Amino acid sequence: MKTVIGLETEYGALLSGVPQGMRDLFRQEEMFQKVRDHIFHVQKKGLIDQHQRAYDEPPGNGGFLRNGGRLYIDMGHVEYATPECHTLLDLVRADRGGDLLLQQAVEDMGLSDEISFIKNNIDHQTLATFGSHENYLVSRNFPFTERGMEPLVAFLVTRQIITGAGRVGVSYINDSLISLDTERPPVHFQISQRADYIVNKFYQWVQMNRSIVNTRDEPLSDPVQYRRMHLLLGDSNMSEFATAMKFGMTKIVMDLVEEGIAPPIGVREPVHACRAISHDMTMRWSLQDLEGRILSAVEMQEMFLEKASKAYAGRDEDTDWVLEEWEKLLTDLARKDPAVVSDRLDWAAKHEMISAFRESEKLEWNDPWLESLDLEYHNIDPSKGLFRILEDDGRHRRLLPPSVSETGTTCPPSFTRAEGRALAIEQILENPDMLYIIQWFGIQINQGDVLYMLEPLKSYRDEVSDYFRKYLSDPSKG
Amino acid sequence: MFHDGSVVLFPERKTAPGSPGRETQKDAPVPKRPETKKSGDRLMDRMKKVDPNQSERYRQRTGE
């Protein structure tokens, strides 16, 4: 796939000790600052910002990392953005690298008993939600209109049967914003963490009125050539397999849409359908297309798979892997048994695990213990997290050996401008007196010339080397 | 590729991941059905150790 993809993750935090109510939010923020400062100032795994990056990003709030990604504090969360990735496994490695960065800092500081980072998207008490944002580089020719994106919306509403991270319980918080069901049937377990919080088909904001397709236009690259598709309806996956499938399938469908060869299909009342599919643990997943036909989410996904197989089979290794696994998954999902896919999909793995525990302990679905297990599935601490046991015991499919995942903390992906950015960071770390501004799209040293990096699919290694060679030979030229 | 024990230089492409299919065949463990008693017990033991009320303590700010 000739593309650039990236993932932003907002982590939650579970503090130990006696709960102190709202004061815990301050404790949490203090803990985030300690962890961030340790990563940048003690472990030297990146460069903290020296400049005011935005109104809510003062100097020192965050910075770019040796792997080319970024770590910062945003909206009361530690947020990690992967560097720009060219392949699915680069993305998986960079994503896992973020988990490892945080966990290694916590252990290094001796804070393992005080804080756990939870890679999920909700809490069960305050109905807060926080994000997992996907980024896909597409061309400016992408049909960014309501009509042009109907197929993309249909795909996104139904892809959750593969990409959902699962959750115990339900949130009806957004019923005050939109008119959905008047009935509120009990939902013990659902497929997606974010579905209850999506209230629009298209919208540009990210903290409220969240939409199926976010319409913010911030390419962070050459705006004449590119658009950055920014999706915030997805869940934070623990599963490497589900993460790779999420990005692989979605990029393939964006390619179909851009080339005008996607299935000519749309979903009637997509916001409602998104939530209804998530709540339907019978796995029937019925929805209506724009012509009023009743289809299942599996059938709709099969339409996209069929078009993609015809158009892109043999294109490259990533594409072939996605097409093959997509077909297997849809066949398995049609059997309507979560156990069949629990070795690959988060929601199914979590459902199987919690259902077995509930039966063993004879608990009702509304027992708070099950919510606690839901959280612990997402704990990134390998000595505590439940998902990690599934993975370590070979019960959930892993794509990378741990030794490769480890390199994701410091090595940038190949073939993107993350390489050049990481090279610049190494140079500055070796010359700590330098003043610097680092952005996704360029770097500046000692208030000199800006080296723009507007082409995400270029490494910029030579340009960065020349830039620093020029500065180091004559610092006054910056 | 490590330098001075801590500084990581750029990986040669051979150390970076290839495609998921090829990597899985090479190094990553093949997934199994949950059939061994030992595995089941390890997961169940860890689940029993989870504080039943910890979700009460998990209160986050709304993010993006």
Side-chain angles (χ1 to χ4, degrees), chain A residues 10 12 14-15 19 24-25 66 74-77 87-90 92-93 118 123-126 128-131 133 206-207 232 244 317-318 320-321 324 343 353 357 360 368-369 371-376 386 389-390 393-401 404 407 410-414 419 422, chain B:
Chain A
E10 290 178 314
L14 181 64
L15 303 181
D24 280 336
L25 291 178
R66 283 179 187 262
D74 190 20
M75 309 293 303
H77 294 267
T87 68
L88 296 177
L89 284 187
D90 278 340
V92 169
R93 182 177 69 145
I118 308 292
D123 74 35
H124 297 88
Q125 309 305 321
T126 70
T129 185
F130 34 100
H133 295 186
V206 292
Q207 202 194 2
L232 45 80
E317 287 186 10
D318 270 5
D320 285 349
W321 179 81
E324 186 180 334
D343 60 336
M353 185 188 79
F357 186 82
S360 159
W369 203 350
E371 294 177 347
S372 299
L373 295 174
D374 181 353
L375 287 185
E376 207 65 7
L386 299 176
I389 284 200
L390 296 178
D393 289 350
R395 298 163 67 176
H396 199 91
R397 192 159 162 187
R398 174 182 262 160
L399 298 183
L400 292 173
V404 174
T407 65
T410 45
C411 292
S414 301
E419 279 195 81
Chain B
M1 191 183 301
F2 291 85
H3 173 65
D4 292 342
S6 59
V7 179
V8 178
L9 301 176
F10 297 112
E12 294 168 13
R13 193 60 199 176
K14 66 182 179 183
T15 66
S19 77
R22 204 169 54 189
E23 286 296 323
T24 304
Q25 286 163 15
K26 263 195 316 194
D27 298 314
V30 175
K32 296 177 286 208
R33 303 291 298 157
E35 57 200 6
T36 63
K37 189 168 187 304
K38 187 182 164 198
S39 294
D41 286 347
R42 202 160 87 95
L43 179 62
M44 199 58 84
D45 287 348
R46 189 176 283 192
M47 292 169 88
K48 284 179 181 171
K49 286 178 185 165
V50 172
D51 174 2
N53 298 311
Q54 77 173 17
S55 79
E56 280 285 333
R57 288 188 281 118
Y58 187 67
R59 292 165 189 263
Q60 307 299 304
R61 282 178 60 190
T62 275
E64 295 186 340

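Nothing here was measured: the structure is a model prediction, and the numbers come from that model. Values below: every heavy atom of this structure, side chains too, minus hydrogens, waters and symmetry copies.
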Worksheet entry | Proximal component of B/Lys48, with respect to chain A [non-hydrogen, under 4.5 Å] |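 Both backbone and side chain.
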Fill in: Exercise: do A/Glu10 and B/Gln60 side chains pair donor with acceptor under 3.5 Å
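Judged by distance alone, the side chains do not pair up.
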Practice prompt. Show your working on side-chain contact (heavy atoms from CB on, under 4.5 Å) between A/Glu376 and B/Arg46 and close with a plain yes or no.
Written response: CA-CA 10 Å; A/Glu376 207 65 7; B/Arg46 189 176 283 192; over 6 Å; no
Could you tell me which non-hydrogen atom of [X] sits nearest to which non-hydrogen atom of [Y], and how far apart they are?
| X | Y | result |
| --- | --- | --- |
| A/Ala128 | B/Thr62 | CA-OG1, 3.3 Å |
| A/Ile389 | B/Arg42 | CD1-O, 3.8 Å |
| A/Glu371 | B/Ser55 | OE1-OG, 3.1 Å |

About how many Å separate [atom2] of [Y] and [atom1] of [X], when rounded to the nearest 0.5 Å?
| X | Y | atom1 | atom2 | answer |
| --- | --- | --- | --- | --- |
| A/Met353 | B/Met44 | CE | CE | 9.5 Å |
| B/Glu64 | A/Leu232 | CD | CG | 8.5 Å |
| B/Gln54 | A/Leu15 | CD | CG | 11.5 Å |
| B/Tyr58 | A/His124 | OH | NE2 | 9.5 Å |

Worksheet item: Considering only heavy atoms, which portion of A/Leu390 lies under 4.5 Å from any heavy atom of chain B: side chain, backbone, both, or neither?
Response: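 Only the side chain of A/Leu390 comes within 4.5 Å of chain B.
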Worksheet item: Can you say whether A/Asp74 sits under 4.5 Å from chain B via the side chain, the backbone, both, or neither, judging by heavy atoms?
Response: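 The side chain, not the backbone.
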Item to complete: Tell me, out of B/Glu56, B/Lys49, B/Met47, who's got the most heavy-atom pairs with chain A below 4.5 Å.
Response: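 Max contact count across the listed options: B/Met47.
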Fill in: B/Arg57 side chain reached by A/Asp24 side chain, heavy atoms, under 4.5 Å
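Result no, sub-4.5 Å side-chain heavy-atom pair not found.
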